[in-house]
Amino acid sequence: MSAKIEEIRHSAAHLVASAVCSLFDNVKVDIGPSTDDGFYYDFDMEHRLCVEDFPAIEKAVRKLIGTALPFVREEVSREQAKEIFKDQPYKLERLADIPEGDTITIFRTGDYVDLCRGPHVEHSGNVGAVKLMSVAGSYYRGDEHNKMLQRLYGIAAPSVKELDAIVAQLEEAKKRDHRKLGKELELFTITESVGPGLAHWLPKGARVRIAIEDYWRHEHFRNGYEMLFTPHLGRANLWQTSGHLNFYKDGMFPPMEVTEGDGDKAVKEPYYVKPMNCPFHIQAYLFKKYSYRDLPVRFAELGTVYRYEKDGVRHGLFRVRGFTQDDAHIFCAPDKIEEEIRFTVKFCLHILHRFGFNDITAYLSTRPEKAVGDPAKWEQATNSLRAALEAEGMAYEVDEGGGAFYGPKIDMKIKDALGRQWQLGTIQFDFNLPERFNLVYTGEDGKEHQPYMVHRALLGSLERFFGILIEHYAGAFPTWLAPTQVKVMPITDDQVGYAKTVIAQLQSADVRVESDLANDKIGAKIRRATLAKVPYMLVIGGREAEAGVVAVRSREKGDLGTMTPEAFLDLLRAEIHE
RNA sequence: GCCAGUGUAGCUCAGUUGGUAGAGCUACUGAUUUGUAAUCAGUGGGUCGCCGGUUCGAGUCCGGCCGCUGGCUCCA
């Protein structure tokens, strides 16, 4: 973001605050920072802001822009500032936060004065254009115990034309919204009858998921992982041991209670649906004794978990209550951990690249204040994470003290086609569970040692990942992922027979192929297939049927002319495996 | 949970100051047999999110729930 744009957004926020103060009574203002795509300003006032107020506010802002009011910077003493903002409690609090000795600056725009570091544009005319987008509640200083203020969101640009461009960009993002595309492309549905946050993968979505899963499993087997299938429920006792009941009970669905045993010996036993797979993978590890020669043991599972996400946090597929993690747990000897982490990082990047994500940043989170486990282990674990990132030449940022209480971690964040950042993979040490479940392996010395345990997900959850993929590709999945890879469309009923033999040929080669035999003109069929974002259309008319060829139309490249079905299959295979 | 919106047919949406619902697409039927982004005609299809209230009468007004959207908080 250029400094100039930032100044414009920031200044626009001041103009909006100024307009709101002039239009309504007794307005207390908080702050108005610029954001990634605009700005917001928080207010405390009696009047409830709503969208109907926007035109009046925007009009007042336009008037301020029209008069080219200068933004006047003044340095003031703390006492002067206190006097100026005596009716603005939030400003006084912000003022109190400014360390003694720092310069206190205020900015005046006409009658409006704001406590602000700046910088600002020279005069309000430089702001150009402002549009209010939405109004929302926001806790003062982001703390839910504080009073809720009213927040106005807006966008600003140097000119109306540039503002329109921003609006167009927002509309582009809206067009890619996975919820909209999920409906249009028949990928998934979430129904009120089943419950909020519980996704159903429809046939088209399921086809994409299976393509993802097949690839995922194949690569895991090729890279030394074993697969597990584990139960969806476990006794309360298990969750007691793992510590989840103590720490995360609110995030778990409430228990279901069954009676075990008869008569006097009958016991009520609560079962919980799993919010994580770890305890189950640990059971698999506890199944037998492991030697140092067996390590590292890598257990992977596409494990479906359920978490009781609070109201108001759900969002399409991005935040759901039931989801499938591409989970794995690695049990590794301490002296091999650095190598193993490097291997894991490499594997993660390999998988993410396949899905078209090349702009990847890592975030390394280190030991927090409250932590379990030997500090020396933390040190070694953190170093192995750091070394792996450096060995892979990855850009990374360090979040000091940002690790979980049970171990340090790396999070992988990707940028999608619109430049938006998403957190996907995570590689996380756990010094808590090996202790709680008393995990061991037999070392070279014949004694029992505790292995390092690493949780690892590459895609995060399949649901969320699918949502991100939909938006990344705007629904136009690459051929290897596309729910329908090929649409066969005869021009008249006379070619249906030949079309069916072509379809059978493609199907037997595992191509996801569909036909459009509707009694429609070819233009209508092409339109439908285009809207469904099918990568390849095979148009079959009398000429093609006669010659035993197909006319190929590619989503990206348009008309590719005619070729035999075999030649088309070769082309398709080359693209899928590239 | 909180603030602000919002909920009408499978989908996208109309529905004027309250007078028991409409269009296009989809689906189905018929005609048409078509050469690269929509052939024509007909027929189906709705407890207007749910519950309650006001009213002679509620999709429309009021209240309470539920869902969804945008935020705040949260995401082991």
Side-chain angles (χ1 to χ4, degrees), chain A residues 35 40 42-44 48-54 133-153 170 174 177 179-180 183-184 186 189-197 239 242-252 275-276 278 305 307-316 318-321 323 325 403-407 409 423 426 428 430 432-433 455 460-461 464 487 489-496 517-532 537-544 551-555 558-560 562:
Chain A
T35 65
Y40 64 76
D42 287 347
F43 302 98
D44 182 3
R48 279 284 155 76
L49 286 168
C50 59
V51 288
E52 276 83 62
D53 299 323
F54 288 5
M133 301 303 285
S134 63
V135 56
S138 158
Y139 295 108
Y140 177 57
R141 299 202 172 198
D143 185 333
E144 60 180 318
H145 304 295
N146 286 343
K147 181 164 186 179
M148 181 164 272
L149 308 181
Q150 302 189 63
R151 177 171 292 181
L152 273 179
Y153 282 88
L170 289 172
K174 230 181 218 169
D177 190 311
R179 292 164 303 189
K180 181 168 141 65
K183 200 182 275 181
E184 285 171 6
E186 300 180 9
T189 183
I190 299 175
T191 71
E192 196 175 336
S193 326
V194 172
W239 304 108
S242 69
H244 288 103
L245 270 181
N246 280 339
F247 292 111
Y248 313 119
K249 194 171 183 185
D250 289 349
M252 293 168 71
M276 295 192 107
C278 335
V305 300
R307 297 181 185 179
Y308 192 76
E309 300 287 6
K310 287 200 289 179
D311 282 347
V313 301
R314 290 184 308 273
H315 179 90
F318 289 161
R319 194 78 182 273
V320 285
R321 282 186 169 162
F323 56 96
Q325 292 181 304
F405 74 91
Y406 50 78
K409 63 173 179 176
Q423 190 196 311
T426 173
Q428 198 156 353
D430 192 329
N432 187 43
L433 293 179
H455 307 264
S461 92
R464 197 177 109 93
K487 194 89 163 187
M489 37 189 75
I491 289 177
T492 76
D493 289 349
D494 291 341
Q495 293 91 46
V496 168
L517 305 181
N519 182 2
D520 274 316
K521 296 212 269 194
I522 194 66
K525 298 185 183 190
I526 285 173
R527 180 182 154 80
R528 276 197 292 272
T530 305
L531 292 175
M537 301 178 212
L538 301 185
V539 176
I540 295 176
R543 298 197 294 268
E544 287 78 17
V552 180
R553 181 176 159 132
S554 144
R555 184 180 63 194
D559 191 0
L560 298 183
T562 60

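In what follows, chains are A, B, ... by sequence order, proteins preceding strands, each numbered from 1. What you are looking at is a predicted structure, and each value in this text was computed from that prediction instead of being measured.
- Across all strands shown, B:A41 pairs with B:U29; the Watson-Crick or G-U wobble distances both stay below 3.5 Å.
- In this structure, A:Tyr248 and A:His244 have tilted ring planes: the angle between them lies in the 30° to 60° band.
- When all heavy atoms of A:His455 and A:Leu433 are compared, the pair lying nearest together is CE1-CD1, 4.1 Å.
- With hydrogens and angles ignored, a donor-acceptor pair closer than 3.5 Å exists between the side chain of A:Asp493 and the base of B:U33.
- Using a cutoff of 4.0 Å between basic side-chain nitrogens and carboxylate oxygens, A:Arg553 and A:Asp559 are not scored as salt-bridged.
- Taking only side-chain nitrogens and oxygens, A:Lys183 never comes nearer than 4.0 Å to OP1 or OP2 of B:G10.
- Separating the P atom of B:G35 from that of B:U17 is a span of 50 Å, rounded to the nearest Å.
- Here the separation of B:C66 from B:C51, taken at their P atoms, is 15 Å to the nearest Å.
- Comparing the same atom, C1', in B:U69 and in B:U29 gives a spacing of 40 Å after rounding to whole Å.
- The distance between atom CD1 of A:Ile190 and atom P of B:C66, rounded to the nearest whole Å, is 18 Å.
- In this entry the distance linking CG of A:Leu517 with P of B:U33 reads 18 Å, nearest Å.
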Query raised in the report: In B/S/- notation, 5' to 3', how is nucleotides 71-76 of chain B contacted by protein heavy atoms closer than 4.0 Å?
Result: BBBBBB

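- Distance CE (A:Met537) to P (B:U36): 13 Å, rounded to an integer number of Å.
- Annotation: side chain of A:Tyr406 is in contact with side chain of A:Gln428 (closest heavy-atom distance under 4.5 Å).
- B:G49 and B:G15 are spaced 15 Å apart, taking the P atom of each and rounding to whole Å.
- Between the CD atom of A:Glu544 and the C1' atom of B:U36 there is a distance of 11 Å, rounded to whole Å.
- Counting any heavy atom pair closer than 4.0 Å across all strands shown, A:Gly316 reaches sugar-phosphate atoms only and no base atom.
- Within 6.0 Å of atom CD in A:Glu186, 12 or fewer heavy atoms from other residues, nucleotides or ligands are found, so the atom counts as exposed in its surroundings.
- Separating the CG atom of A:Asp177 from the C1' atom of B:C11 is a distance of 16 Å, rounded to the nearest angstrom.
- In terms of the side chain to side chain contact (heavy atoms under 4.5 Å, CB included) criterion, residue partners of A:Arg555 (sequence neighbours excluded) are, by chain and number, A:Ala476, A:Lys533, A:Pro535.
- Contacts of A:Ala529 with the nucleic acid, taken as non-hydrogen atoms under 4.0 Å apart, are absent.
- The environment of OH in A:Tyr308 is sparse: at most 12 heavy-atom neighbours from other residues, nucleotides or ligands sit within 6.0 Å.
- Residue A:Arg179 places at least one side-chain N or O under 4.0 Å from the OP1 or OP2 atom of B:G70.
- With both pairing distances under 3.5 Å, B:G19 is matched to B:C56 as a Watson-Crick or G-U wobble pair.
- Rounded to whole Å, the separation between the P atoms of B:A21 and B:G45 comes to 14 Å.
- Rounding to the nearest 0.5 angstrom, the gap separating the CZ atom in A:Arg527 from the NZ atom in A:Lys521 is 14.0 Å.
- Salt bridge annotation for A:Asp520-A:Arg528: present, with a cationic side-chain nitrogen under 4.0 angstrom from a carboxylate oxygen.
- Across the strands present, B:A9 finds no partner; the criterion is a Watson-Crick or G-U wobble pair with both atom distances under 3.5 angstrom.
- Under the 4.5 Å side-chain criterion, counting only non-hydrogen atoms from C-beta, A:Glu184 is not in contact with A:Leu531.
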All N/O contacts under 3.5 Å from nucleotides 38-43 of chain B to the protein, with atom names and distances to one decimal?
unit_1, atom_1, unit_2, atom_2, d
B:A38, N7, A:Arg527, NE, 3.2
B:A38, N7, A:Arg527, NH1, 3.2
B:A38, N7, A:Arg527, NH2, 3.4
B:A38, N6, A:Arg527, NH2, 2.4
B:A38, N1, A:Arg527, NH2, 3.2
B:U39, O4, A:Asn519, O, 3.2

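- At the heavy-atom level, A:Gly542 lies under 4.0 Å from base atoms of the strands shown.
- Comparing the P positions of B:U26 and B:A41 gives an interatomic distance of 13 Å, to the nearest angstrom.
- Taking atom CD1 on A:Ile491 and atom C1' on B:A37, their separation rounds to 15 Å, with Å as the unit.
- Remark: the separation of the C1' atoms in B:A38 and B:U8 is 26 Å, to the nearest Å.
- Put simply, CD on A:Gln495 is 14 Å from P on B:U36, counting in whole angstrom units.
- At the heavy-atom level, A:Lys525 lies nowhere under 4.0 Å from the strands shown.
- Atom-to-atom distance recorded for A:Cys278:SG and A:Gln325:CD is 7.5 Å, nearest 0.5 angstrom.
- Atom P of nucleotide B:A37 and atom CE of A:Met489 are separated by 11 Å, given to the nearest angstrom.
- B:U6 and B:G59: their C1' atoms are spaced 15 Å apart (whole Å).
- With a cut-off of 3.5 Å on both pairing distances, the Watson-Crick or G-U wobble partner of B:A4 is B:U69.
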